[in-house]
Structure formats: structure tokens, C-alpha cells
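Structure record follows, encoded as C-alpha cells.
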Amino acid sequence: MSAAEGPLVVGVDTSTQSTKALVVDVATGRIVASGQAPHTVTSGAGRESDPRQWWDALCEALRQCGEPAHEAAAVSIGGQQHGLVTLDGRGEPVRPALLWNDVRSAPQGRRLIEELGGAKFWAERTGSVPTASFTVTKWAWLAEHEPEAVRATKAVRLPHDYLTERLTGQGTTDRGDASGTGWWASGSEGYDEEILAHVGLDPALLPRVVRPGEVAGTVRDSHDLPFSKGTLVACGTGDNAAAALGLGVRPGTPVMSLGTSGTVYAVSRRRPADPTGTVAGFADARGDWLPLACTLNCTLAVDRVASLLGLDREAVEPGDGVTLLPFLDGERTPNLPRSSGLLHGLRHDTTGGQVLQAAYDGAVYSLLGALDLVLGEDDGTDEDADPSAPLLLIGGGARGAAWQQTVRRLSGRPVQVPEARELVALGAAAQAAGLLTGEDPAAVARRWNTAAGPVLEAVERDEETLARVAGVLSDAAPLLERGPDAG
């Protein structure tokens with residue numbers, strides 16, 4: 001392995017299922033070393049993880065990185081958004097963290113919208129309309145169902161905040177991840193005292209919001225990681241904002257991420273406020289905005305359908321009569337938290353491959369509909385949006401041929417698949433690099449050429465399939481809203 005040309009930094013991605021660490025050469029963007037370790041997540045409506053597992057996984061991932069991790073001059077942590085971490089006075093978890101895909105707080109979300117001015121109030125105040133994914137609804141659920149845990153809580157953190165605090169000893173967060181809580185006001189860029197008072201959360205329990213480019217702290221003495229005391233620690237950010245940094249995306253460039261969840265987003269100079277709740281008005285990690293729409297069911301849901309059919313995930317076959325809405329975990333976009341999967345249009349001659357293709361179609365359909373709103377195509381308000389620009393396809397599913405072809409066919413856009421992997425960790429690394437060089441982290445990523453990759457040409461948009469899925473979704477809405485357990 002050749003010697004690094006510049007200083008080294010560490011970028012971390014603490015995701016739903018695992019923690020990954022990259023040691024990156026600031027000068028070239030070359031990945032010098034990497035490591036990964038898993039965590040466990042409970043199943044069912046309640047999705048929880050012990051935050052201490054995230055720390056153990058970080059320690060193991062960095063151990064795998066070896067000597068280069070010891071040489072790092074700065075570190076930054078990107079992480080899964082929305083998760084509610086409650087800590088006691090010693091900094092220990094009061095209970096397992098409630099993760100982003102825990103949908104038990106859907107009733108609290110609806111109640112908060114009703115109690116505080118309706119959807120328009122929330123969109124204008126926080127940039128988003130709270131759903132079961134948002135941290136504020138999880139806190140409301142905890143207060144209602146586990147009041148003793150609330151009484152024991154002396155600090156409230158997001159997943160990436162928890163790890164950053166264990167590094168520095170300081171309670172900090174960033175505007176990107178804070179904007180996904182539901183208690184951060186996007187207009188004033190500070191915590192919203194009215195919302196916090198309504199849900200009974202003392203703002204003193206929340207972390208300080210560190211500005212883009214500001215040092216969150218330095219690595220303290222007492223830790224189990226291979227960093228020198230005084231190593232710079234960036235503020236970190238949520239996974240989607242980190243991936244946007246990792247791609248170095250410019251305003252208006254559309255991104256679709258195919259992972260456990262599916263997301264579509266674009267950097268925007270305008271502060272978003274969608275009262276329908278489809279588009280979350282997140283902040284990015286730089287000072288702009290990151291309007292984003294997210295689905296709960298993406299690669300895992302389609303893989304589950306393939307498993308039920310006994311098929312390889314690529315074993316799709318064309319067909320024009322079957323529709324599958326793969327809402328296996330409830331759904332966020334559309335907002336149907338009690339829904340389950342729905343299959344319509346089976347015939348004697350329907351094949352398993354056609355059913356599997358229908359699962360892909362159903363998963364991509366919701367994302368593309370939301371993308372139009374993210375880019376402002378419905379009203380032409382986003383001057384940065386270019387309808388002919390390639391759609392950047394990232395995430396675990398991005399290299400799957402069936403995913404690529406489905407996105408091309410249903411979007412009608414050219415699709416670019418960046419060759420760089422681990423974009424969340426790369427974005428965190430770019431953020432750490434910016435502390436050392438004074439550069440915009442997105443400019444660092446562009447210098448590293450992280451978005452480079454093949455471009456698949458546009459094909460004619462499959463309007464027939466889009467219309468069929470839309471019709472089934474509309475007709476089945478009452479059934480999907482009731483859920484499978486309704487009487």
C-alpha cells in the first residue's frame with residue numbers, strides 16, 4: 001500500500017444494521033483502510049437497538065482499520081436519522097433507542113398535528129409534518145407509555161450525537177440531523193420552545209447545535225478508540241445529509257437512495273415547507289436545504305417478496321396486469337403506518353417473476369412520485385431543477401440490474417450509478433477533511449470525484465404501469481389505512 005499524500009481522516013456511518021468506518025486520504029480521497037461491525041434491531045412494530053452496541057461496533061470497525069486509524073487527524077460520524085436516544089445522569093441509556101422505522105408513535109404524530117395548529121403550522125415551523133418516524137412523536141409515545149423512562153432521562157440525543165458525545169464528552173448535534181427531530185425550527189434554526197413545551201421536553205436536555213464547519217470538540221482522554229487525544233471531531237450529521245456531502249451534489253441534482261428505506265432528495269437553496277407532509281424539509285450539513293421524501297419499504301421488502309416466491313432478486317419477468325404494493329412494514333410515503341403489503345391482479349398465467357417485478361414497480365412508484373415534489377416540478381418553483389439531469393442512484397440496491405431498469409423505465413430519466421460506495425461514511429470523511437483544509441465538504445467530495453460512474457441512457461417512461469399502480473393505490477386506500485388487524 002502506497003503512503004498517503006495528505007493527512008488522514010475517519011468517516012463513520014452508523015446505520016440501522018451496522019457501523020462502518022473509512023480511513024481516507026484528504027489529498028486524494030483514496031480509502032486507506034475500512035472496517036465494519038453489525039448491531040441488532042428488534043423486529044415487529046417496535047424497532048429498537050441498544051446504543052451501547054453502536055459504540056462497540058465503532059470500536060470493532062476501527063480496530064479492523066488498523067494503524068491508519070491511529071494516524072487520523074480528524075473524525076466525523078454520520079448516522080441513521082430520527083432515532084430517540086435517552087440517557088441518564090451518567091450518560092448511560094435509560095432504555096434501548098427507538099429507531100426511525102419504529103411506527104408505534106403514529107397515533108401521537110396525528111395527535112400532535114391536531115393539537116398544534118395542523119399540518120400547515122408544522123410545515124412552516126419545522127419544515128416537515130411529523131410522522132411516526134420523527135423523534136418528536138417518539139418522545140410523545142415514550143411519555144405516554146413509559147413515563148418512568150422520561151423521568152429518568154437527563155439527556156436526549158440522536159444516534160450520531162450519542163457517538164460524537166462519547167468521543168468528545170460534549171453534547172452536540174448539527175442542523176442536518178436536528179432538522180429531522182420535529183422540534184427544531186427551520187426558520188430561526190433553533191429549538192422550538194413552543195413545541196418542546198407542548199411535549200414536555202426541557203430544552204436543557206438537548207445537545208448544542210454546531211454550525212457547519214465548526215469543530216464539535218476533540219477526542220478526550222477516556223475512550224476505547226485508536227485516536228490520539230486532541231484529534232478533531234466534526235459535528236457529524238444524519239445519513240442522508242452525509243450521503244449528499246459524499247456525492248458533492250449541487251442544487252437541483254436528483255438523488256435516489258435504495259436501501260433498507262428508499263429516499264429521494266436534492267440540495268435546494270429554498271427552505272422547504274410541504275403541508276402535505278410528503279416532502280420533509282430537512283436542512284443539509286452545509287447551510288442549504290435538503291428536501292427529502294422517504295419510504296419505509298425498499299430493498300428489504302422486495303428481497304422478502306423474492307424469498308417468499310423462492311426466486312433470486314434478479315429473476316423478474318415483464319407483465320402488465322399484476323400490481324404489488326410492498327408496504328410490509330407500514331409505510332411513510334404515502335403515509336400509511338398501519339398498512340401491509342397488497343397484491344392485485346393475479347391470473348392463472350401470472351408468473352412468479354411478474355409478481356417480483358410488480359414489487360419493484362410498487363417500491364419505485366412512490367419514490368418517483370415524491371421526487372416530483374422534491375424538485376418542485378409540480379409548480380416549477382425550483383429554478384435549480386433540471387428535468388433532463390441524470391438521476392443519481394445510490395444505496396445497496398443501486399447496482400442491481402432489476403432496480404436500475406425499473407428506475408429507468410418508470411422515471412424516463414438517464415440514471416447515473418456512482419462507483420464510490422459507502423457514501424455516508426465518505427460524506428462524513430469529507431466533513432472531517434473540511435475541518436483540516438477549510439474547504440466546503442461538498443467541494444472536497446467533488447475533488448475526490450465520488451459521483452463518477454456509468455450513465456444509463458433514458459428510456460421511454462412507462463406511463464401505463466404508473467397509472468395502474470396509482471389506480472390500485474387509490475382504490476385500496478381505505479383498506480390500507482385500516483391495516484390488516486382492523487375488524
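Judged by distance alone, the side chains of D161 and T173 do bring a donor and an acceptor atom under 3.5 Å apart. No hydrogens or angles considered: a donor-acceptor pair under 3.5 Å links the side chains of T40 and Q53.
Residues E114 and R110 are not paired through a salt bridge, judged by the lack of any N-O separation under 4.0 Å between the basic side chain and the carboxylate. A salt bridge does not link R408 to E457: none of the charged nitrogens lies less than 4.0 Å from a carboxylate oxygen. At a threshold of 4.0 Å, the pair E194-R125 counts as salt-bridged, since one of the basic side-chain nitrogens sits closer than that to a carboxylate oxygen. Between R269 and D288, none of the side-chain N atoms (NZ, or NE/NH1/NH2) sits under 4.0 Å from a carboxylate O, so this pair counts as no salt bridge. Between D303 and R313 there is a salt bridge, with a side-chain nitrogen of the basic residue lying less than 4.0 Å from a carboxylate oxygen of the acidic one.
By the neighbour-count criterion of 12 heavy atoms within 6.0 Å, atom CD of E314 is densely surrounded, having more than that number from other residues, nucleotides or ligands.
Rounding to the nearest 0.5 angstrom, the gap separating the CG atom in L368 from the OG atom in S411 is 5.5 Å. Considering CZ of R332 and CG of N101, their distance stands at 10.5 Å, rounded to 0.5 Å. Atom OG1 in T237 sits 12.0 Å away from atom CZ in R286 (nearest 0.5 Å).
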Worked verdict on F121 versus H198 for ring pair (Phe, Tyr, Trp, His ring centres under 6.0 Å)
CA-CA 14 Å; F121 166 91; H198 187 79; 9.3 Å; no
Check the pair T278, T276 against side chain to side chain donor-acceptor pair (under 3.5 Å), reporting the backbone distance first and the verdict last.
CA-CA 6 Å; T278 301; T276 73; 3.2 Å; yes
Using side chain to side chain contact (heavy atoms under 4.5 Å, CB included), reason through V41 and E48 one step at a time and then give a plain yes or no.
CA-CA 6 Å; V41 181; E48 302 180 353; over 6 Å; no
Side chain to side chain donor-acceptor pair (under 3.5 Å) for H39 and T19? Distances and angles first, verdict last.
CA-CA 8 Å; H39 357 107; T19 292; 2.8 Å; yes
Give the C-alpha distance, both sets of side-chain angles, the deciding distance and a yes or no for side chain to side chain donor-acceptor pair (under 3.5 Å) between D361 and Q357.
CA-CA 6 Å; D361 291 347; Q357 180 61 67; 3.0 Å; yes
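Side chain of R399 to backbone of E419: a donor-acceptor contact under 3.5 angstrom is found. Of the possible donor and acceptor atoms, none in the side chain of S366 sits under 3.5 Å from a partner among the backbone N and O of A363. Using modelled atom types, one side-chain atom of R468 and one backbone atom of V322 make a donor-acceptor pair closer than 3.5 Å. In this structure a side-chain-to-backbone donor-acceptor pair under 3.5 Å is missing from W403 to Y360. Side chain of N297 to backbone of L300: no donor-acceptor contact under 3.5 angstrom is found. With hydrogens and angles disregarded, a donor-acceptor distance shorter than 3.5 Å links the side chain of T450 to the backbone of G246. Looking only at distances, a side-chain donor or acceptor of R157 sits under 3.5 Å from a matching main-chain atom of L205. With hydrogens and angles ignored, the 3.5 Å screen pairs a side-chain donor or acceptor of S105 with a backbone N or O of A132. With hydrogens and angles disregarded, no donor-acceptor distance shorter than 3.5 Å links the side chain of S268 to the backbone of L290. When atom types are taken as modelled, the side chain of D13 and the backbone of A425 share no donor-acceptor pair closer than 3.5 angstrom.
Under the side-chain contact (heavy atoms from CB on, under 4.5 Å) test applied with F327, the options T295, L296, L473 reduce to a single match, L473.
Side-chain contact check for P93 versus P51: some heavy-atom pair is nearer than 4.5 Å. Counting only heavy atoms from C-beta outward, the side chains of T181 and F134 never approach each other to under 4.5 Å. Between E144 and R111 there is a side-chain heavy-atom pair separated by less than 4.5 Å. For the pair L158 and Q81, the minimum side-chain heavy-atom distance is 4.5 Å or more. At a threshold of 4.5 Å between non-hydrogen side-chain atoms, the residues L247 and P418 count as touching. Residues K138 and R104 have side chains not in contact (no heavy-atom distance under 4.5 Å, counting atoms from C-beta outward). Residues S18 and K20 meet the side-chain proximity criterion, which asks for heavy atoms closer than 4.5 Å. Counting heavy atoms from C-beta outward, L309 and V355 have side chains that approach closer than 4.5 Å.
Partners of E481 by salt bridge (charged side-chain N to carboxylate O under 4.0 Å, His left out), not counting sequence neighbours: none found.
Residues A430 and P441 approach most closely at CB-O, 3.5 Å, considering heavy atoms. Between L342 and A476 the shortest heavy-atom distance is CD1-CB, 3.7 Å. G83 approaches P159 most closely through the heavy-atom pair O-CD, 3.3 Å. The nearest pair of heavy atoms linking A301 to P326 is CB-O, 3.7 Å.
Cation-pi check for R175 over W289 is met; the charged atom lies under 6.0 angstrom from the ring centroid and within 45 degrees of its normal.
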